[in-house]
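Structure, as structure tokens:
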Amino acid sequence: MFKFGTMQTASEFKPHTSAELLLACQRIAGLTLGQLAAELALPVPDNLLKDKGWVGQLMEQALGASAGSQALPDFPELGIELKTLPISQQGKPLESTYVCTAPLIGITGQQWEDSWVCRKLSHVLWLPILAERKLPLKDRIIGQGFLWQPDSEQQALLRQDWEELMELISLGGIAKIRGAHGKVLQLRPKAADSKALTRAVGINGEPIQTLPRGFYLKSGFTQAILQQHFQLG
DNA sequence: AGGTGATCATAT
DNA sequence: ATATGATCACCT
């Protein structure tokens with residue numbers, strides 16, 4: 001009898017501890033996206049134009065994330081959120097990092113500790129991907145993933161931005177919030193297109209319709225996280 | 001060039 | 001419409 005049944009395929013893998021998760025990250029570090037996709041028998045799109053979430057979903061499958069599209073951390077039993085982070089050859093983030101959608105109504109009295117931003121960022125597995133635009137998708141290289149929890153300074157920066165943004169939102173100032181607001185955390189559109197609408201609070205406290213927004217980490221913040229971990233210059 | 005605003009796919 | 005996963009692309 002051949003031993004097909006004893007082969008552990010990557011799609012069956014599921015980490016039971018954070019140590020197992022880090023081992024899985026070490027196994028895939030250095031592989032190209034094409035190599036990893038081949039292991040999982042997944043086709044690689046020519047580009048991300050119509051597959052913007054492809055890299056993240058590939059990593060979810062490779063590392064055994066199980067939450068799917070549920071509103072849960074990627075590794076519910078571990079309480080860990082997975083975030084891929086596209087970086088340049090110099091190790092600098094190429095994009096901001098989406099955190100979660102922003103609640104625009106019924107937010108009076110919300111506490112930072114209870115916010116989605118705080119919860120989502122409480123424990124993150126960062127997975128850098130060398131992803132220069134000129135590099136074909138299949139040739140982009142998986143970096144070394146690492147676990148991160150915000151230190152008190154980072155927590156304070158996030159909290160301050162979040163509190164300022166949430167106060168503006170609750171007082172009807174959503175229309176004047178732009179991406180430049182906030183030191184490390186910003187509010188930007190998060191929608192199918194510029195015509196999507198959701199409920200929010202107007203300048204006189206009245207209900208209005210506005211573009212759905214999401215919280216994003218500015219690249220300077222994620223760059224600092226990378227430097228903190230890899231001790232780069 | 002880099003940051004802000006716009007956009008794409010899929011599941012529920 | 002909202003949640004998941006993000007990157008595209010225009011504008012300054």
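Lettering follows sequence order; numbering is per chain, from 1.
- Within the helix from dA1(B)-dT12(C) to dT12(B)-dA1(C), the inter-axis angle between the opening and closing five-pair segments is 30°, rounded to 10°.
- When rounded to the nearest whole Å, the span between CD of Glu81(A) and C1' of dA6(C) equals 12 Å.
- Counting any heavy atom pair closer than 4.0 Å across all strands shown, Ala191(A) reaches a base atom.
- If you check distances only, the side chain of Lys218(A) never reaches the base of dT4(B) with a donor-acceptor pair under 3.5 Å.
- One can find a donor-acceptor pair under 3.5 Å joining the base of dG5(C) and the side-chain atoms of Lys190(A).
- One atom, CG of Asn47(A), and another, C1' of dA6(C), lie 14 Å apart when rounded to the nearest Å.
- Between Arg213(A) and Arg188(A), the closest side-chain pair of non-hydrogen atoms is not below 4.5 Å.
- In terms of phosphate contacts, Gln186(A) brings a side-chain nitrogen or oxygen within less than 4.0 Å of OP1 or OP2 of dT4(B).
- Note that NZ of Lys92(A) is 13.0 Å distant from CG of Leu85(A), once rounded to the nearest 0.5 Å.
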Under the ring pair (Phe, Tyr, Trp, His ring centres under 6.0 Å) rule, what do Tyr98(A) and Phe215(A) come out as? Steps first, then yes or no, please.
CA-CA 6 Å; Tyr98(A) 171 68; Phe215(A) 285 111; 9.5 Å; no
Nucleotides 9-12 of chain C: which of its N/O atoms have a protein N/O under 3.5 Å away?
none

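- Checking side-chain atoms of Asn47(A) against main-chain N and O of Leu49(A) turns up a donor-acceptor pair under 3.5 Å.
- One can place CG of Leu197(A) at 14 Å from C1' of dT2(C), the figure rounded to the nearest angstrom.
- Asp74(A) has its CG atom 9 Å from the P atom of dT4(C), to the nearest Å.
- Judged purely by atom type and a 3.5 angstrom limit, Asp74(A) has no side-chain atom pairing as donor or acceptor with the backbone of Ala65(A).
- Taking the side chain as every heavy atom from C-beta outward, Leu42(A) and Leu36(A) never approach each other to under 4.5 Å.
- Rounded to whole Å, atom P of dT7(C) lies 14 Å from atom CG of Leu135(A).
- Nucleic acid contact class of Gln209(A) (heavy atoms, under 4.0 Å, all strands): none.
- Put simply, the side chain of Cys118(A) does not reach to within 4.5 Å of the side chain of Leu158(A), judged on heavy atoms.
- For the pair Lys50(A) and dA9(B), the criterion of a side-chain N or O lying under 4.0 Å from OP1 or OP2 is met.
- Both Ala196(A) and Tyr216(A) lie near DNA chain C, and the one whose nearest nucleotide falls closer to the 5' end is Ala196(A).
- A heavy-atom distance below 4.5 Å is not found between the side chains of Pro15(A) and Leu63(A).
- Across the protein-nucleic acid pair, Gln57(A) atom CD and dC8(B) atom P stand 17 Å apart, rounded to whole Å.
- Of the options Ile174(A), Val117(A), Ile177(A), a side chain to side chain contact (heavy atoms under 4.5 Å, CB included) to Leu165(A) is made by Ile177(A) and by none of the others.
- When the nucleotides dT7(C), dT4(B), dT2(C) are ranked by their closest atom to the side chain of Leu48(A), dT7(C) comes out on top.
- Contacts between residues 163-176 of chain A and DNA chain B, counted as heavy-atom distances below 4.0 Å, involve no residue at all.
- With sequence neighbours excluded, the residues forming a side chain to side chain donor-acceptor pair (under 3.5 Å) with Gln209(A) are Arg199(A), listed by chain and number.
- Judged by distance alone, the side chains of Trp148(A) and Gln154(A) do bring a donor and an acceptor atom under 3.5 Å apart.
- Residue pairs meeting the salt bridge (Lys or Arg N to Asp or Glu O under 4.0 Å) criterion with at least one member in residues 152-181 of chain A, sequence neighbours excluded: Glu113(A)-Arg159(A), Arg159(A)-Glu163(A).
- Sequence order on DNA chain B of the closest nucleotides to His181(A) and Lys195(A) puts His181(A) first from the 5' end.
- Taking the charged nitrogens against the carboxylate oxygens, Lys14(A) and Glu77(A) do have a contact shorter than 4.0 Å, which makes a salt bridge.
- Within 4.0 Å (heavy atoms only), Gly53(A) reaches at least one base atom of the nucleic acid.
- Contacts between residues 96-132 of chain A and DNA chain C, counted as heavy-atom distances below 4.0 Å, involve Ser96(A), Tyr98(A), Thr101(A), Trp116(A), Lys120(A).
- Between Glu81(A) and Trp126(A) there is no side-chain heavy-atom pair separated by less than 4.5 Å.
- Between Glu60(A) and Lys83(A), none of the side-chain N atoms (NZ, or NE/NH1/NH2) sits under 4.0 Å from a carboxylate O, so this pair counts as no salt bridge.
- Going from atom CZ of Arg188(A) over to atom P of dC8(C) covers 13 Å, rounded to whole Å.
- When heavy atoms are screened at a 4.0 angstrom cut-off, Leu94(A) is found touching no nucleic acid atom at all.
- Across the protein-nucleic acid pair, Phe215(A) atom CZ and dT4(C) atom P stand 13 Å apart, rounded to whole Å.
- Between dG3(B), dT7(B), dG5(C), one nucleotide has an atom nearer to the side chain of Glu60(A) than all others, and that is dG5(C).
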